[in-house]
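Just below is one structure, and these are the notes that go with it.
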Number of protein chains: 2
Amino acid sequence: MQLTERQRQILRHVVEEYLRSGRAVGSKALLERVSLGVSPATVRNDMSVLEALDFLTQPHTSAGRVPTEHGLRYYVQYLMEEGELTPEEQLMIRHQFRQVEQQVPSWLKLAASVLADTSGNVGLVTPPRARVERLRHFELISLRPRVVLLVLVTQSGAIHQSLLDLAEPLEQERLSALSRVLNPELRWLDRQAIERRASGAEPLVALVLRRIAEALRFIEQQQRSELYAEGLEYVVRQPEFAQAQLAQVLLEVLRGGMLLTWLLPRLDPSEGVRVLIGSDLALRELRPFSLVLSSYRSGADVTGWLGVLGPQRMAYARAIAAVRFLSSVVSELMSELSGEPEWEGVR
Amino acid sequence: MQLTERQRQILRHVVEEYLRSGRAVGSKALLERVSLGVSPATVRNDMSVLEALDFLTQPHTSAGRVPTEHGLRYYVQYLMEEGELTPEEQLMIRHQFRQVEQQVPSWLKLAASVLADTSGNVGLVTPPRARVERLRHFELISLRPRVVLLVLVTQSGAIHQSLLDLAEPLEQERLSALSRVLNPELRWLDRQAIERRASGAEPLVALVLRRIAEALRFIEQQQRSELYAEGLEYVVRQPEFAQAQLAQVLLEVLRGGMLLTWLLPRLDPSEGVRVLIGSDLALRELRPFSLVLSSYRSGADVTGWLGVLGPQRMAYARAIAAVRFLSSVVSELMSELSGEPEWEGVR
DNA sequence: GGCTAGCACTCGAGGAGGTCGAGTGCTAAG
DNA sequence: CTTAGCACTCGACCTCCTCGAGTGCTAGCC
């Protein structure tokens, strides 16, 4: 069954009033804010149609209407006016990114902060992640005669360090020579290729290669388990959180990493900004929340996620604008760091 | 005026009962839990003495007693039985540190998590910080013909990367030669020495040196502004946070960095574990909280802080044990990474 | 002189009852 | 199809009341 234009307008205003105030919206109160040229009784009739179609619901008999998840989805898809961040905001944000250290973790943390600040909800960002992580470059740095620091940089821009204990002392000169020889050979190899190369090599080289492979594994694992979250203070401030129980749920979900291990792997990164409302999140605990989500690109075949998480009653238009803009900013920044050959051609 | 032994025992039991239940403790209820060989009336008399001396207070006329800040301080200093984490816990914790990546940020994050988990409050950890940061080693890695990644490691174990745009293309071979020449010369120099060395050098060298100096500045700044906090979910669960307002205060204080900029710089790192209760924290917003704090060492002249933050009603003995143990574990780990000459002698 | 039994008093928690107002559905008329 | 009118519902909020844990004080006991 099709909605009439007036019903669509009523739905839109109910949703917007609800997002603003957090309270159930009644027919009379609605007409005090917006004029529809009809009486409260007419609005009530349309509201009861909308209720029958599961767009609206009543918390109790004598209360106003509240949008259902279905109603919110319809609003986001068909009724909401999308917007962009103002040019001043965009400038401010770009400026902030120029201020911080030019490295991936700083960018991700800042991106989460900015998402939180501009949307007034929790900002979430995952690290960039390659389908298979490849070595870009490694260096060996002598700390003490038999202790060496291995530093390596990967395709996705991750930097990793680990300590090696040597059987016998080695000078920096020898270490440098080793990395000079091995680097060209290992460039763009993945973990498995490096492991294969390790078997049969002389002991020192084998040690280094095995530790590089191990580091790549660590990095891949970390990329799957790390999540930058900022702005909890905004969400806790919402009236929904008055009993503080929701806040606890939220903290536990974020810490437990259920989003990362369960939800994100099931989504297609190529789809642009999407809005997941309540049960879309497929986690009972997250039922009262919504997530506005987008992927970002960081070189060919390397992507990450970023989004805004808040109560179902969130300012969707604003969150979507923030997510869309940040996605493009982060993608730009990341591809500067990127350096794999395929990607150079694309730019 | 001196407390009698019985008064000290009563104070101890009131504090412990209050820490356990969070409710005001009355004379009769106290005697139901512990036997002191006297009647409630006697306990009441002693309680009123303790109240006159500002160890206890009454929330309202007909309620039991609650310890004051002064009473808590006395308890922590003279009455509390200190303990250690059990050997099993210690083993578990050491095991966890072996599981994660062997690098500073992972350790710090894990330390904050462990503090939170073992104490049931917020765990806080600051990065290690040298009075003046010195260069240990740097490398130049060619990403694209005219874009170079500068990676450097400092005395305190911080790793930093930044991007350099070159005026003209340079091959990896040339870059490696450059770092081979410059590294021995720059080792253990601080920012100002490197800046001095930059003036008058040929353009390419000057560029690199200036960027290294800049990176050191960035790192010093970050060490002053970064704070790892974990375990908010525990604190939010406390009954004190039922109205969710405290949670908001806490989140804002943590994000605002007031602890870092205001409180920590005024403390002496050499003092061992200390307990700051309520107004000791010198921040109005933190009045309802307590902080158990210790420094850790990471090589000569390099120290950081770690601690447990929670409501005044926290399990102090446990928090102190956790902080003390983690301080020693983190100190050990850090000094493995450390490599400055003075420190090698000390070990 | 310290300890205790007894007692009157205080005050918050929590339940019962009552009012108010925002909101609804229904009906009948325009 | 719209609207005015009306009876009805129900949560929010206030007041009143009771209950019980806890106190301080006093007088008597060891």
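Below, chains carry the letters A, B, ... as their sequence lines are ordered, and counting in each starts from 1.
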Among [options], find the nucleotide with the atom closest to the side chain of [X].
X     : options                : result
A:M47 : C:dT24, C:dA5, D:dT23  : C:dT24
B:H60 : D:dT3, C:dG12, C:dC3   : C:dG12
A:E51 : C:dT4, C:dG23, C:dG25  : C:dG25
B:A29 : C:dG23, D:dG22, D:dG24 : D:dG22

Please tell me if [X] has a side-chain N or O lying less than 4.0 Å from either OP1 or OP2 of [N].
X     : N      : result
A:S27 : C:dT24 : yes
B:R6  : C:dG2  : no
B:R44 : C:dC3  : no
A:R65 : C:dA22 : no

Mind calculating the distance between [atom1] ([X]) and [atom2] ([N]) to the nearest angstrom?
X     : N      : atom1 : atom2 : answer
B:K28 : D:dG24 : NZ    : C1'   : 16 Å
A:L30 : C:dG23 : CG    : P     : 10 Å
A:L56 : C:dG23 : CG    : C1'   : 14 Å
A:D46 : C:dG25 : CG    : C1'   : 15 Å
B:N45 : C:dT4  : CG    : P     : 10 Å
B:L31 : D:dG22 : CG    : C1'   : 13 Å

For a quick check, tell me whether the side chain of A:T61 and the base of D:dT9 share a donor-acceptor pair closer than 3.5 Å.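 Not at all, since no donor on one side and acceptor on the other fall under 3.5 Å apart.
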
If you take atom types as modelled and just measure distance, does the side chain of A:S62 reach the base of D:dT9 with a donor-acceptor pair under 3.5 Å? yes

What's B:R23 touching, base or sugar-phosphate or nothing? Going by heavy atoms closer than 4.0 Å.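 Touches nothing.
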
Note down the inter-axis angle between the two ends of the helix from C:dG1-D:dC30 to C:dG30-D:dC1, five pairs each, to the nearest 10°. 20°

Taking NZ, NE, NH1 and NH2 as the nitrogens, is one of them in [X] or [Y] under 4.0 Å from a carboxylate oxygen of the other?
X      : Y      : result
B:E89  : B:R318 : yes
A:E252 : A:R255 : no
A:R274 : A:D280 : no
B:E69  : B:R73  : yes

Would you call A:L263 and A:L293 a side-chain contact if the rule is heavy atoms closer than 4.5 Å? no

Could you check A:L267 against A:L276 for side chain to side chain contact (heavy atoms under 4.5 Å, CB included), going step by step and ending with a plain yes or no? CA-CA 11 Å; A:L267 295 176; A:L276 301 173; 4.2 Å; yes

Nearest heavy atoms of A:Q90 and A:L85, plus distance in Å: NE2-O, 3.2 Å

